[in-house]
Amino acid sequence: TFYRVNKTANTKLGYSEEEFLKMNIRDIDLNCNYNQRMESWSDYKKYYKKKVSGEYRLKDNSVIVVDAINFFITSGEQELEVIMALERGR
């Protein structure tokens, strides 16, 4: 589940903050293999940051290609993934 989303993501992807907070990465990332992601979470996060590319579905169902850097942080007992994505070619 998304914990926080910045206004640029809201504007670019077309979702309100309230809509985003009810979603997770599987709702927008067309290449997300959630089960594989959860099975390898400990390996995935040990690298601290990871460069990835993907296709994100916008609210209007159009698709954009993004390049992203995923950071992994801990806040108290909670493990969080921070995704910084930019539309390719922008």
field: Side chain T11, main chain K7, donor-acceptor under 3.5 Å
entry: yes

Using every non-hydrogen atom in the two residues, find where [X] and [Y] come nearest and quote the distance to one decimal.
| X | Y | value |
| --- | --- | --- |
| I69 | K51 | CG1-CG, 4.1 Å |
| E81 | N70 | OE2-ND2, 2.7 Å |
| V5 | A9 | CG1-CB, 3.5 Å |

message: I'd like to check the side-chain hydrogen bond (donor to acceptor under 3.5 Å, both in side chains) partners of N24; sequence neighbours left out, ordered by chain and number.
response: R26

task: May I have all residue pairs that pass salt bridge (charged side-chain N to carboxylate O under 4.0 Å, His left out) and include part of residues 56-77, sequence neighbours excluded?
output: E19-K59, D67-R88

message: Is there a path of hydrophobic side-chain contacts, each under 4.5 Å between heavy atoms, that joins L86 and I25?
response: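 Per the 4.5 Å side-chain linkage, L86 and I25 are not co-clustered.
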
message: Tell me every residue that passes ring-ring contact (aromatic ring centres under 6.0 Å, His included) with F20, counting only those two or more places apart in sequence or in another chain.
response: F2, Y15

message: Between I64 and K12, is there a side-chain heavy-atom distance shorter than 4.5 Å?
response: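 Touching, per the 4.5 Å side-chain cut-off.
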
message: Once side chain to side chain contact (heavy atoms under 4.5 Å, CB included) is applied, do any residues pair with E55, and if so which ones, sequence neighbours excluded?
response: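 Expected list: L30, N31, V63, V65.
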
task: State whether the number of non-hydrogen atoms from other residues, nucleotides or ligands found under 6.0 Å of M84 atom CE is greater than 12.
output: no

field: Result of checking Y3, F71, F72 against V82 for side-chain contact (heavy atoms from CB on, under 4.5 Å)
entry: F71

